[in-house]
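Positions are given from 1, in the same order as the sequence printed here. Side-chain atoms are counted along with the backbone in the values below, which use heavy atoms only and exclude waters and symmetry mates.
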Amino acid sequence: MFRFLPASNGVKYYSISLFIFWTGMLMPELSVAQTDSLKANVLKEVEIKQKRRSTQNLSPTPLQILNGKELKNLNALSVADAIRYFSGVQMKDYGGIGGLKTINVRSMGTNHTAVFYDGVQLGNAQNGQVDLGKYSLDNIEEISLYSGQKSDLLMPAKAFASASSLYLKTIIPIFEADQNRNFRVALKTGSFGLIDPSVTYNQQLGSRLALSLNAELINANGNYNYRYTNGVYDTTVVRHNADIFAKRIEGGLYGTTSDSSKWQIKLYNYNSERGVPGAIVANKFDFTQRQWDDNFFVQSSFETKTDRKLQFLVNAKYAYDFTRYLDPDRVSIFGALDNRYTQQEFYLSLASLYHFTQFWDLSLSTDYTYQQLDANLENFAYPQRQTGLIALATKFSWPRFNIQGNVLATLVNDQVKSNIPAGDKTEYTPTVMASWQPFAKNNLRLRAFYKSIFRMPTFNDLYYTFIGNSKLNPEFTSQYDLGFTYSRSFEGNKLNHISLQTDVYYSDVRDKIVAIPTLTLFRWTMLNLGKVEVKGLETSLQSHWNFDQLNIVAKANYTYERALDVTPASELFGQQIPYIPVNSASFTMASDYKNFGLSYSYIYTGERYSQKANIPVNYVEPWYTHDLAIRYSFNASKINYSIAAEVNNVFNQYYDVVLNYPMPGRNFRITLITKFN
C-alpha cells in the first residue's frame with residue numbers, strides 16, 4: 001500500500017512501522033473472535049432506545065444535533081441549509097443552489113472545522129474548505145456539530161485534530177420483520193427551474209448483510225430576482241450564471257460478524273457543472289465563468305463489539321477530486337484561463353480502546369494520510385504531503401463526574417517537484433474536558449473544556465504560483481469553554497420536556513494566515529500577520545408540547561460574539577473581523593396533527609462589516625428570513641405517500657450573506673415521496 005510513496009523521509013518509516021505494529025495487535029484479536037464465534041449461539045436482535053437529549057446533556061463539549069424528523073421539518077435542500085440553524089455558526093453563502101457554501105464555527109475560520117462523512121473526514125489539501133452545498137439531505141440521517149471534539153475515545157486521530165467537528169451520518173437500511181427490501185422515490189421541484197429526483201434502494205442480503213444504493217440528480221437554471229442599487233437609483237435584476245447540473249450516486253454495504261462486530265464499505269461519486277456567479281459591482285451583471293467538479297471516494301470501516309474489554313476501530317479511504325475552472329474573460333497568449341486541479345488522498349486509521357476498570361478507559365489512535373495535488377499552472381510545485389497523527393487519550397467516569405484528556409502528536413512532511421517545500425513539522429497539542437452533575441437529580445450538568453490545536457497551511461497557502469509562501473507557520477488556536485445543560489421531563493402535562501444549553505467561551509487564533517498585495521494588486525502573497533480573540537455566549541432552548549393529537553416542538557438559539565482583531569501594532573486593533581455578526585439567532589417550530597405537519601423557521605443575522613475596517617462604507621445590513629412548510633402523508637395499497645409544500649423567505653427580503661453576492665428572494669419548493677417494498 002505504501003510503495004507509491006517517496007522514500008526520503010521519516011514519516012514514511014513511521015507509517016509503515018506503525019501499520020506493522022497495529023496489524024500484529026489486531027490479528028490475534030480477530031483470530032480469537034473467529035474461534036469464539038464458532039461456539040457462540042446466534043441471539044435474537046434486541047433494540048435499545050435511548051432519548052437523544054441524554055447525549056447532549058452528558059457531553060462535556062457543546063453538542064448540537066439535527067436528525068430524523070427535525071431534518072425533514074426544515075426548509076433545507078442541502079447540509080448547508082440545515083446547519084444555518086445551529087448557534088455559533090456563520091455560513092458563507094455566495095448565492096443560489098449551486099453557489100459555494102462553507103461553515104465557520106465560533107469565528108475561527110472555515111479551515112478549523114473538520115467535516116466527517118460516516119466517521120471519515122472529507123479532505124481538501126488544496127484550500128482546506130468543504131463545500132457543504134454539494135451534500136444533499138436526501139441520504140442524511142443525522143447532522144451533529146461539536147465545538148471542540150467528541151467525548152468518545154474510540155475514534156480516528158483526525159477526530160482529535162480540529163477546533164470543531166461536523167459529523168454527517170447517512171441513512172442505514174432498516175427492514176421490517178416481513179420484508180427484505182424497500183424503495184424510496186422522491187421528486188423535488190420549485191423556483192429557479194429546480195428539478196431534483198432521487199431514488200433509494202435497500203436490499204437485505206442475509207441475516208448479517210445489507211446493501212443500500214442512493215442516486216440523485218439536481219438541475220436548476222438558478223435565475224432569480226434581486227434588488228440592485230448604485231446609490232442613485234434602485235432596480236430589480238435577474239441573477240444569471242447561477243445554474244447547476246449535478247449527479248450524485250453512493251452505495252453502502254453494511255455487515256455484522258458472528259460476534260456482533262460491525263463493518264461497512266461506502267462508495268461515493270459527485271459530478272457537477274455549474275456557473276460561477278460573480279460579485280455585482282460597477283453595473284456588471286453578467287458572468288461567463290464555469291466550474292466542473294468530479295469527486296469520488298471509497299471508504300471502509302470495521303469496529304469490534306462494544307462490550308469488549310479491548311476494542312478496535314479501523315478506517316481506510318481513497319479519494320479522487322478533480323476541479324476545472326474556466327474564465328473566458330481572462331485571455332492571454334495561451335488562450336482563456338482554464339485551470340485544472342487533481343487531488344488524490346490515501347488514508348489509514350487504526351484506533352484501540354482498553355477498559356482498565358469500570359471507571360477508567362485508555363485509547364490510542366493513529367492515522368496516516370498521503371495527499372498530492374496536480375495542476376496545469378505555470379511553475380506549479382506539484383506538492384505531496386504525508387501526515388501522521390497519534391492521539392493518546394484517557395477518561396475517568398463516575399456516576400456524577402467525568403474527566404478526560406488527550407495529547408495529539410502531529411507529524412507533517414511536505415515535498416515538491418519544484419521550488420521550496422515547507423519542510424517537516426512536529427507539534428504536540430493537549431485537550432482537557434470535564435462534566436459534573438452537582439445534584440442527585442440528573443437535570444443539571446456543568447461542563448468545561450480547554451483545547452489547543454492548529455491547522456496546517458493549505459497547498460494554496462504554501463505553493464500557489466506567484467502567491468504561496470512556503471515559510472508560513474501553522475495557525476494555532478486555544479479554546480476555553482464553560483457551560484451547563486439542563487433538562488427536565490413532565491409527566492401528564494401539556495409541556496412534556498424542556499432542555500437548555502448555555503456556554504460562554506473564549507478563543508484566540510495566533511499566526512493567522514492572511515493574503516496581502518505586493519508591488520501590484522495582481523500579485524499577492526500569504527503571510528502570518530493576524531491575531532484574533534473571540535469572546536462569546538451561546539444558548540439553546542428546546543421544548544416539547546402535547547395537546548391530545550397535536551404535538552409541537554419549538555427550539556430557539558441565540559449567539560452573542562465579539563471577534564476582534566488584536567494584531568499587535570495594527571491600525572485596526574480592537575475592531576470586529578469581517579462578516580462576524582455580534583448578534584445572531586434562529587427559531588424553529590414544528591407541529592404534527594394526525595397525518596398533517598406544519599413547520600416554521602426564522603433566522604436572524606445582525607449587522608456586520610465586509611472588511612477589516614469597521615467604517616460606514618464597509619457596513620453590511622442585518623438580515624432575516626421566515627420560512628413555512630406544510631406536509632401531508634398517507635398510506636394506500638401498502639405504499640406510503642407524502643407531499644410537502646415550502647415557501648422560503650416569505651416576506652421576500654433582499655439581502656447578501658457575502659457583500660455583492662445577492663441571495664434569492666421569495667421562492668417555492670414541492671416535494672413528493674413514495675416508499676414501498
Decide if the gap between the ring center of Y450 and the ring center of Y480 is smaller than 6.0 angstrom. yes
Are side-chain heavy atoms of I580 and E561 found at a separation under 4.5 Å? yes
Does this structure show an ion pair linking R274 with D131, if we count only N-O contacts that are shorter than 4.0 Å? yes
Close side-chain approach of S452 to P430, heavy-atom, < 4.5 Å: yes
Student check: side-chain heavy atoms of M456 and V412 closer than 4.5 Å: yes
Does the ring of Y505 carry K535 above it, NZ/CZ under 6.0 angstrom from centre and within 45° of its axis? no
Any sub-3.5 Å donor-acceptor pair from T559's side-chain atoms to G88's backbone N or O? yes
Does R84 use its side chain to pair, donor to acceptor, with the backbone of D81 at less than 3.5 Å? yes
Separation between CZ of F312 and CG of L154, rounded to the nearest 0.5 Å: 9.5 Å
Taking D565 for its side chain and I577 for its backbone only, find out whether a donor-acceptor pair lies under 3.5 Å. no
Is any side-chain N of the basic residue among K158 and D367 closer than 4.0 Å to the acidic one's carboxylate O? no
Check step by step if side chain to side chain donor-acceptor pair (under 3.5 Å) holds for D321 and N124. CA-CA 9 Å; D321 296 290; N124 188 338; over 6 Å; no
Side chains of Q386 and Y368, donor plus acceptor under 3.5 Å: yes
Which pair of non-hydrogen atoms, one from T477 and one from A163, has the smallest distance, and what is that distance? OG1-CB, 4.2 Å
Are any of the side-chain nitrogens in D361 or K395 under 4.0 Å away from the carboxylate oxygens of its partner? no
Euclidean distance, N376 CG relative to D338 CG, rounded to 0.5 Å: 6.5 Å
Please determine if R290 and E273 form a salt bridge, counting it only when a charged side-chain N lies under 4.0 Å from a carboxylate O. yes
Write down the atom of K451, the atom of F160, and the distance for their closest heavy-atom approach. NZ-O, 2.8 Å
Can you find a side-chain donor-acceptor pair between Y325 and Q289 that sits under 3.5 Å? no
For residues R248 and N271, is any side-chain donor paired with an opposing acceptor at under 3.5 Å? no
Closest heavy-atom pair, N315 versus P156, reported as atoms and distance to 0.1 Å, is ND2-CG, 3.3 Å
Mind listing the closest non-hydrogen atom pair of M155 and S365 along with its distance? O-OG, 2.7 Å
Just do the ring pair (Phe, Tyr, Trp, His ring centres under 6.0 Å) check on F380 and Y464 with the steps written out, would you? CA-CA 7 Å; F380 191 65; Y464 198 88; 7.8 Å; no
We want to know whether S164 and T113 form a side-chain donor-acceptor pair, criterion being a heavy-atom distance below 3.5 angstrom. yes
Side chains of Y341 and N339: closer than 4.5 Å at any heavy-atom pair? yes
Taking T567 for the side chain and K531 for the main chain, is one N or O donor matched with an acceptor at less than 3.5 Å? yes
Less than 4.5 Å apart, any side-chain heavy atom of I103 and any of I83? yes
Taking everything shown except I420 itself, do over 12 heavy atoms lie less than 6.0 Å from its CD1? no
Quick check: do D118 and Q299 have side-chain heavy atoms less than 4.5 Å from each other? yes
How many angstroms lie between CZ in F449 and OG in S147, if you round to the nearest 0.5 Å? 6.5 Å
In a check of side-chain contact (heavy atoms from CB on, under 4.5 Å) between R385 and each of Q371, E345, Q415, which one passes? Q371
Hey, does the side chain of S363 reach the backbone of L153 with a donor-acceptor pair shorter than 3.5 angstrom? yes
Could you tell me whether K425 and E427 have a side-chain N and a carboxylate O separated by less than 4.0 Å? no
Below 6.0 angstrom between ring centroids: does that apply to Y167 and Y146? yes
Once rounded to the nearest 0.5 Å, what's the spacing between atom CG of L392 and atom OH of Y428? 12.5 Å
For the pair R608 (side chain) and V657 (backbone), establish whether a donor and an acceptor sit closer than 3.5 Å, ignoring hydrogens and angles. yes
Looking only at side chains, do Q372 and Y370 share a donor and an acceptor under 3.5 Å apart? yes
Cut-off 3.5 Å, side chains only: do Y117 and E250 have a donor facing an acceptor? yes
Could you check whether K417 makes a cation-pi contact with Y382, meaning its NZ or CZ is under 6.0 Å from the centre of the six-membered ring and within 45° of the ring axis? yes
Both conditions, 6.0 Å and 45 degrees, for the charged tip of K101 above the ring of Y135: are they met here? no
Counting only N and O atoms by type, is there a donor-acceptor contact under 3.5 Å from the side chain of N111 to the main-chain atoms of P457? no
Using side-chain heavy atoms (C-beta onward) and a distance below 4.5 Å, is I171 in contact with E142? no
Test side chain to side chain donor-acceptor pair (under 3.5 Å) on T458 and N460 and set out the steps. CA-CA 5 Å; T458 66; N460 280 0; 5.4 Å; no
Assess K262 against F302: is NZ or CZ under 6.0 Å from the centre of the six-membered ring, and within 45 degrees of the ring's axis? no
Under 3.5 Å, is there a donor-acceptor pair between the side chain of N528 and the main chain of D511? yes
Would you mind reporting whether N413 and L411 have side-chain heavy atoms less than 4.5 Å apart? no
Quick one: do D329 and T288 satisfy side chain to side chain donor-acceptor pair (under 3.5 Å)? Show the steps, please. CA-CA 7 Å; D329 294 338; T288 58; 3.3 Å; yes
Can D293 and K134 be counted as an ion pair, charged N to O under 4.0 angstrom? yes
Search all heavy atoms of A80 against all heavy atoms of M91 and return the closest pair with its distance. CB-CE, 3.6 Å
Closest heavy-atom pair, S87 versus E538, reported as atoms and distance to 0.1 Å, is OG-OE1, 3.8 Å
Flag if over 12 foreign heavy atoms under 6.0 Å of NZ, K92: no
Let me know which of R455, K471, K512 forms a salt bridge (Lys or Arg N to Asp or Glu O under 4.0 Å) with D461. R455
Kindly compute the distance separating OG1 (T394) from CG (L362), expressed to the nearest 0.5 Å. 5.0 Å
Would N406 and Q149 satisfy side chain to side chain donor-acceptor pair (under 3.5 Å), going step by step from the backbone distance to the final call? CA-CA 11 Å; N406 64 263; Q149 65 189 45; 2.9 Å; yes
